[in-house]
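First up is the structure itself, then whatever we jot down about it.
We use all heavy atoms of the structure for the numbers below, so side chains are in, but hydrogens, waters and symmetry mates are not. In this text the structure is predicted, and so the values were computed from the model without any measurement.
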Amino acid sequence: MRAASAREPYAGIQRGASYNDRVILAHLPAPLRRVIRTSLLLLHLVLGVTLAALVFPLCRTALRDRIIMAWARQLLRVLGVRLQAGPPPALPKGALLVCNHVSWLDIYLIYAARRVHFVSKAEVRNWPVAGWLAHKTGTLFIERGRRADTKRINAEMRLLLQSGAWVAVFPEGTTSDGRGLLRFLPSLLQPAVELNCPVVPAALRYRKLTGEYCAAPAYIDDISMWQSLMQIVSEPGIIAELQFGAPIVPDGHRRELAAQAEAATARLLGVESAGTSPRIPAGPPA
């Protein structure tokens with residue numbers, strides 16, 4: 001599917017468009033949108049908790065994966081986000097997905113397109129409801145300040161990759177406003193090097209319904225989770241573009257792999273690679 005551009009206004013909201021091709025509630029006043037969407041979100045979270053607590057223990061892995069992806073897609077609809085995603089590459093075994101990082105919303109966009117196991121900062125585990133759900137969906141939590149914990153996470157990643165699962169990391173290590181790219185950190189790419197496992201670059205960007213850049217999802221500048229949510233649900237609608245690049249086969253040190261993955265992601269975004277730029281953290285990693 002061809003992505004919308006800043007010069008090409010989004011035409012998805014039109015008479016006769018299917019529910020999947022338009023953003024609901026876009027025409028309502030912002031205060032009413034916020035009330036409706038947050039109410040629907042609360043119900044959707046209750047559904048998620050019920051599924052994770054009562055259904056997951058009884059179903060097989062394949063069914064659980066389909067439930068997670070379907071729940072994520074519905075979450076995007078509830079929040080007024082339309083996903084435009086290309087197909088992920090078909091690979092016979094496990095893969096390491098690397099992507100730029102803009103928002104906590106990134107996680108559900110990727111879930112909607114491909115079942116993965118995320119590596120996230122340990123603080124997320126303590127978030128009300130969201131942290132528990134992340135744990136139940138197989139997220140790996142890392143204490144970034146402890147080198148020993150990186151070794152533990154790398155070991156867990158290796159096991160998942162060897163089992164044929166996909167693991168997703170945000171190598172920037174923090175969020176940005178989405179208009180550029182921070183330098184990719186190589187530490188979490190080590191399992192791919194050791195297993196000679198393909199690395200799949202991916203790129204996310206957010207636009208308004210009119211096609212131009214949308215800042216609402218950016219989880220930066222020390223804003224709270226609630227403030228971030230309010231920014232998202234206040235928008236008439238958001239277009240989220242997710243592109244996957246060609247798999248990269250590791251051939252050398254993890255630093256070389258990080259540079260290759262960063263360059264590939266930069267090409268997908270149409271921005272300059274950050275490899276030669278100073279690293280300036282933009283906000284809290286989600």
- Query: Between Leu75 and Val81, does a side chain to side chain contact (heavy atoms under 4.5 Å, CB included) hold up when you go through it step by step?
  - Reply: CA-CA 9 Å; Leu75 174 69; Val81 179; over 6 Å; no

- Item | Leu133/Leu45 under side chain to side chain contact (heavy atoms under 4.5 Å, CB included): CA gap, chis, key distance, verdict | CA-CA 9 Å; Leu133 285 174; Leu45 288 174; 4.2 Å; yes

- Message: Checking Met157 against Val169 for the side chain to side chain contact (heavy atoms under 4.5 Å, CB included) test, could you report, in this order, the C-alpha distance in whole Å, the side-chain angles of both residues, the deciding distance, and whether it holds?
- Response: CA-CA 10 Å; Met157 291 171 63; Val169 299; 4.0 Å; yes

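No side-chain N or O of Tyr206 forms a donor-acceptor pair with one of Ser103 less than 3.5 Å apart.
Taking the centre and axis of the six-membered ring of Tyr213, the NZ or CZ atom of Arg205 falls outside the cone set by 45° and 6.0 Å.
Put simply, the side chain of Glu241 never gets that close to the backbone of Gln84: no donor and acceptor are under 3.5 Å apart. Checking side-chain atoms of Arg37 against main-chain N and O of Val233 turns up a donor-acceptor pair under 3.5 Å. Between the side chain of Arg34 and the main chain of Ser234, no donor-acceptor pair closer than 3.5 Å is present. For Asp177 (side chain) and Arg179 (main-chain N/O), a donor-acceptor pair under 3.5 Å exists by modelled atom type. In this structure, Arg207 contributes its side chain and Cys214 its backbone to no donor-acceptor pair below 3.5 Å. For the pair Arg254 (side chain) and Val193 (backbone), a donor-acceptor distance under 3.5 Å is absent. Of the possible polar contacts, none joining the Ser228 side chain to the Ser224 backbone as a donor-acceptor pair under 3.5 Å is found.
In this structure Arg152 satisfies the salt bridge (Lys or Arg N to Asp or Glu O under 4.0 Å) test together with Asp149, Glu156, sequence neighbours excluded. Under the side-chain hydrogen bond (donor to acceptor under 3.5 Å, both in side chains) criterion, Asp65 pairs with Arg115, sequence neighbours left out. Every residue was checked against the side-chain hydrogen bond (donor to acceptor under 3.5 Å, both in side chains) condition with Ser187, not counting sequence neighbours, and none meets it. In this view, Leu43 satisfies the side chain to side chain contact (heavy atoms under 4.5 Å, CB included) rule with no residue, not counting sequence neighbours. Trp71 is linked by a ring pair (Phe, Tyr, Trp, His ring centres under 6.0 Å) to His44, counting only residues two or more places apart in sequence or in another chain. Evaluation of the salt bridge (Lys or Arg N to Asp or Glu O under 4.0 Å) rule for Glu143 yields Arg146 as partners, not counting sequence neighbours. Scanning for side chain to side chain contact (heavy atoms under 4.5 Å, CB included) contacts around Cys99 gives Ile110, Phe170, Ala202, Leu204, with sequence neighbours left out. Applying the ring pair (Phe, Tyr, Trp, His ring centres under 6.0 Å) rule to Phe244 yields no partners; only residues at least two apart in sequence or on another chain are considered. Partners of Glu194 according to the side-chain hydrogen bond (donor to acceptor under 3.5 Å, both in side chains) rule, which considers only residues two or more places apart in sequence or in another chain, are Arg158, Gln190. Not a single side-chain hydrogen bond (donor to acceptor under 3.5 Å, both in side chains) links Glu123 to another residue, sequence neighbours left out. Taking the side chain to side chain contact (heavy atoms under 4.5 Å, CB included) definition, one finds that Ala263 meets it with Arg267, sequence neighbours left out.
For the pair Leu97 and Val167, the minimum side-chain heavy-atom distance is 4.5 Å or more. A 4.5 Å side-chain heavy-atom check between Ile67 and Phe56 finds at least one atom pair inside the cut-off. Counting heavy atoms from C-beta outward, Gln74 and Arg77 have side chains that approach closer than 4.5 Å. Side-chain atoms of Val119 and Thr139, non-hydrogen and from C-beta on, never get closer than 4.5 Å to each other. Two residues are said to be in side-chain contact when any heavy atoms from C-beta on lie closer than 4.5 Å; Glu172 and Leu185 fail this criterion. Looking at heavy atoms from C-beta onward, Arg114 lies out of side-chain contact with Val200 at the 4.5 angstrom threshold. A 4.5 Å side-chain heavy-atom check between Asn126 and Trp132 finds every atom pair outside the cut-off. Between Ile238 and Lys208 there is no side-chain heavy-atom pair separated by less than 4.5 Å.
In Asp251, the CG atom is not crowded: 12 or fewer heavy atoms of neighbouring residues, nucleotides or ligands sit closer than 6.0 Å. For Arg125, the CZ atom counts as densely surrounded, since its 6.0 Å shell holds more than 12 non-hydrogen atoms of other residues, nucleotides or ligands.
The ring pair (Phe, Tyr, Trp, His ring centres under 6.0 Å) contacts involving residues 246-267 comprise nothing, where partners must be two or more places apart or lie in separate chains.
Under the 4.5 Å side-chain heavy-atom criterion for ILVMFWY residues, no single connected hydrophobic cluster contains both Val46 and Val35. Using a 4.5 Å cut-off between side-chain heavy atoms of Ile, Leu, Val, Met, Phe, Trp and Tyr, with links allowed through other members, Val249 and Val98 fall into different hydrophobic clusters.
For the ring pair (Phe, Tyr, Trp, His ring centres under 6.0 Å) test with Phe118, the passing option among Tyr111, Trp166, Phe141 is Tyr111; the others fail.
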